[in-house]
J.: 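After the structure tokens below, expect a handful of questions from me.
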Amino acid sequence: MSTLLIKGGTVVSATGRTAADVLVDGERIVAVLQPGSTLLGHDLAAGVDTVIDATGKYVIPGGIDAHTHMELPFGGTNASDTFESGTIAAAWGGTTSIIDFAVQKYGEAVETGLAAWHDKAGGNCAVDYGFHQIIGGVDEQSLKAMETLVDEGISSYKLFMAYPGVFYSDDAQILKAMQKAAELGLMTMMHAENGPAIDVLAEQLYESGRTAPYFHGIARAWQMEEEATHRAIMLADLTDAPLYVVHVSAKQAVAQLAAARDRGKNVFGETCPQYLYLSLEEQLGAGGEDGFEGAKWVCSTPLRSREEGHQDAMWQGLRTNDLQMVSTDHCPFCMKGQKELGKGDFRAIPNGIGSIEHRMDLLYQGVVTGELTLERWVELTSTTPARMFGLYGTKGVIAPGADADIVVYDPAGHTSIGYPTLPDGSPSGRSHHMNMDHSAWEGYEIDGHVDVVISRGSVLVADEEFHGRAGHGRFLKRGLTQYLT
Ligand code: DUC
Ligand code: ZN
Ligand code: ZN
């Protein structure tokens with residue numbers, strides 16, 4: 001077992017920061033020590049295998065991205081990151097655990113969908129991984145199968161109020177699933193958009209010749225998100241099921257969550273970097289005569305109007321704890337051969353953005369601009385995901401006994417995000433590691449840099465090099481949420 005000392009840094013937790021050295025033995029943190037501590041008079045650094053100098057840097061728990069879709073079959077194609085490429089990109093960006101969504105399709109057994117996800121991920125991940133279970137068809141069989149999820153280490157499942165004919169559940173199905181979830185202690189995760197109404201609006205827009213990517217966001221109006229969020233909250237209230245609303249983007253949806261939380265309900269909300277930074281106006285202005293470049297920002301829920309103040313409301317919700325987490329909803333598709341399926345019909349553009357590599361950096365910008373404290377950054381990206389999804393203690397904290405998932409973050413560093421190559425094929429000098437032929441974040445200049453990434457005591461990233469391997473990542477059997485009031 002090798003030993004490692006991270007020396008001279010500032011250890012940041014969800015509740016404070018302190019100058020400390022962190023000692024790792026094998027896969028675990030064994031001590032958080034006053035700077036320069038000795039062992040019976042002996043210099044600690046002399047007795048360990050590896051010393052990492054973190055002077056002037058933050059030492060934080062590894063990021064946990066609780067919403068990813070590796071290899072998801074969706075929109076007539078598959079999300080372009082495999083578990084291997086996506087988790088390598090995660091590591092580069094300081095994320096040491098992911099929770100992906102195993103899919104049960106309508107007509108298929110839950111066990112079959114889950115087994116397929118274990119097959120895809122097993123032996124291929126560079127960081128630790130867990131699963132939520134998508135229930136794409138609520139019926140007697142899948143309700144019964146929910147009873148085995150907790151034993152499988154899967155303490156959360158997801159329903160969709162959108163995508164009729166694909167993943168959609170109607171209110172009766174949602175009610176039944178929530179009754180079962182309340183009984184079992186499962187967290188219900190909800191994609192809250194009124195799918196049937198959206199499909200009507202989308203068809204009307206298409207028939208009237210409004211076919212560009214921008215109209216994706218017009219069809220998926222904020223009213224569709226607010227209404228579905230409210231409905232989900234009411235059904236959760238009735239059934240006493242804890243509810244976690246994924247990828248919140250409309251300020252009206254945040255208001256619904258805040259009102260429920262003010263009534264003492266176990267209702268939680270997640271937003272994503274795209275809803276903090278990107279806007280519908282930018283999508284409208286995005287290049288090319290048909291505006292097709294805007295396809296890179298087609299995701300659901302959609303980007304919202306900056307003029308209407310949705311992005312500001314997301315930052316505010318993160319400060320006030322009306323929103324508790326930032327995940328990516330990482331669901332990348334290439335422009336070539338994938339997004340371009342929707343040229344001339346926005347309805348056929350595969351929905352999704354790739355951000356897994358940039359979440360820690362993008363959120364750190366909130367610290368730089370004063371939107372968030374340093375501690376809140378750690379809480380949103382690591383500690384709360386661990387508590388929310390039954391990993392806390394092992395993950396989400398730098399403390400003796402916890403897994404040594406640690407990031408050394410340099411606040412004086414810089415990160416440029418962009419294409420691996422320029423459109424003419426020449427190197428751009430900027431890169432990312434996600435399996436995409438573009439970046440939704442091209443041109444973003446980040447104050448701050450992920451310097452060293454450690455997963456269970458193994459250095460995955462250091463000196464701008466990847467030292468990890470596919471297969472290092474282990475399946476995380478999660479416990480029940482630790483976040484109920
Ligand atoms: N939204 C996306 O943008 N992609 C995958 C599924 C989803 O709900
Ligand atoms: Zn969704
Ligand atoms: Zn998603």
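Whatever order the structure lists them in is the order used to number ligands and atoms, beginning at 1. All heavy atoms count here, side chains included; hydrogens, waters and symmetry mates do not.
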J.: Considering only the protein, which heavy-atom contact is closest to atom 4 (N) of ligand 1, and what is its distance?
T.: Asn351 O, 2.9 Å

J.: Check ligand 1 against His191 and write out every atom of the ligand that is under 4.0 Å from a heavy-atom position of the residue.
T.: 8 (O)

J.: What count do you get for protein N/O/S atoms less than 2.8 Å from the Zn ion (ligand 2)?
T.: 2

J.: Parallel, tilted or perpendicular: which one describes the rings of Tyr129 and Phe131, with boundaries at 30° and 60°?
T.: tilted

J.: Select one of side chain, backbone, both or neither to describe which atoms of Cys331 lie under 4.0 Å from any atom of ligand 1, heavy atoms only.
T.: side chain

J.: Could you list which atoms of ligand 1 come closer than 4.0 Å to a heavy atom of His247?
T.: 8 (O)

J.: Restricting to N, O or S atoms of His67, which is nearest to the Zn ion (ligand 3)?
T.: NE2

J.: Take atom CD of Glu203 as the centre, draw a 6.0 Å sphere, and report whether it contains more than 12 heavy atoms from other residues, nucleotides or ligands.
T.: no

J.: Could you tell me which atoms of ligand 1, counted from 1 in the order shown, lie closer than 4.0 angstrom to a heavy atom of Gly352?
T.: 3 (O), 4 (N)

J.: Check residues 318-327 and write down every donor-acceptor pair under 3.5 Å in which the side-chain atom is one partner and the other belongs to a residue at least two apart or another chain.
T.:
residue, atom, partner, partner atom, Å
Arg319, NH1, Glu371, O, 3.4
Arg319, NH1, Glu371, OE1, 2.5
Thr320, OG1, Gln316, O, 3.0
Thr320, OG1, Gly317, O, 3.4
Thr320, OG1, Asp322, OD2, 2.9
Asn321, OD1, Arg376, NH2, 3.0
Gln324, OE1, Gly269, N, 2.7
Gln324, NE2, Asn321, O, 2.6
Gln324, NE2, Asp322, O, 3.3
Ser327, OG, Glu270, OE1, 2.9

J.: Decide yes or no on salt bridge (charged side-chain N to carboxylate O under 4.0 Å, His left out) for Asp128 and Lys395, but give the supporting numbers first.
T.: CA-CA 10 Å; Asp128 289 350; Lys395 308 288 187 191; 2.7 Å; yes

J.: Who's the nearest protein heavy-atom neighbour of atom 3 (O) of ligand 1, and how far?
T.: Ser300 N, 2.9 Å

J.: May I ask you to decide if the ring planes of His118 and Phe475 are parallel, tilted or perpendicular, using 30° and 60° as cut-offs?
T.: perpendicular

J.: Parallel, tilted or perpendicular: which fits the ring planes of His67 and His69, with parallel below 30° and perpendicular above 60°?
T.: perpendicular

J.: Taking Lys339 for its side chain and Val298 for its backbone only, find out whether a donor-acceptor pair lies under 3.5 Å.
T.: yes

J.: Could you go through Tyr244 and Tyr483, starting from their C-alpha distance and side-chain angles, then the distance that decides it, and tell me whether this counts as ring-ring contact (aromatic ring centres under 6.0 Å, His included)?
T.: CA-CA 11 Å; Tyr244 177 99; Tyr483 215 77; 9.3 Å; no

J.: Output the list of atoms in ligand 1 that are nearer than 4.0 Å to some heavy atom of Cys299, sorted by atom number.
T.: 3 (O)

J.: Between Phe333 and His438, what is the shortest heavy-atom contact and its length?
T.: O-CE1, 3.0 Å

J.: Could you see which bit of Val246 sits under 4.0 Å from ligand 1, with heavy atoms only: side chain, backbone, both or neither?
T.: neither

J.: Below 30° counts as parallel, above 60° as perpendicular, anything between as tilted: where do the rings of Phe74 and Phe167 land?
T.: parallel

J.: What atoms of ligand 1 come within less than 4.0 Å of a heavy atom belonging to Asp329?
T.: 1 (N), 2 (C), 3 (O)

J.: Per the salt bridge (Lys or Arg N to Asp or Glu O under 4.0 Å) rule, which among Glu226, Glu225, Glu282 passes with Arg304?
T.: Glu225

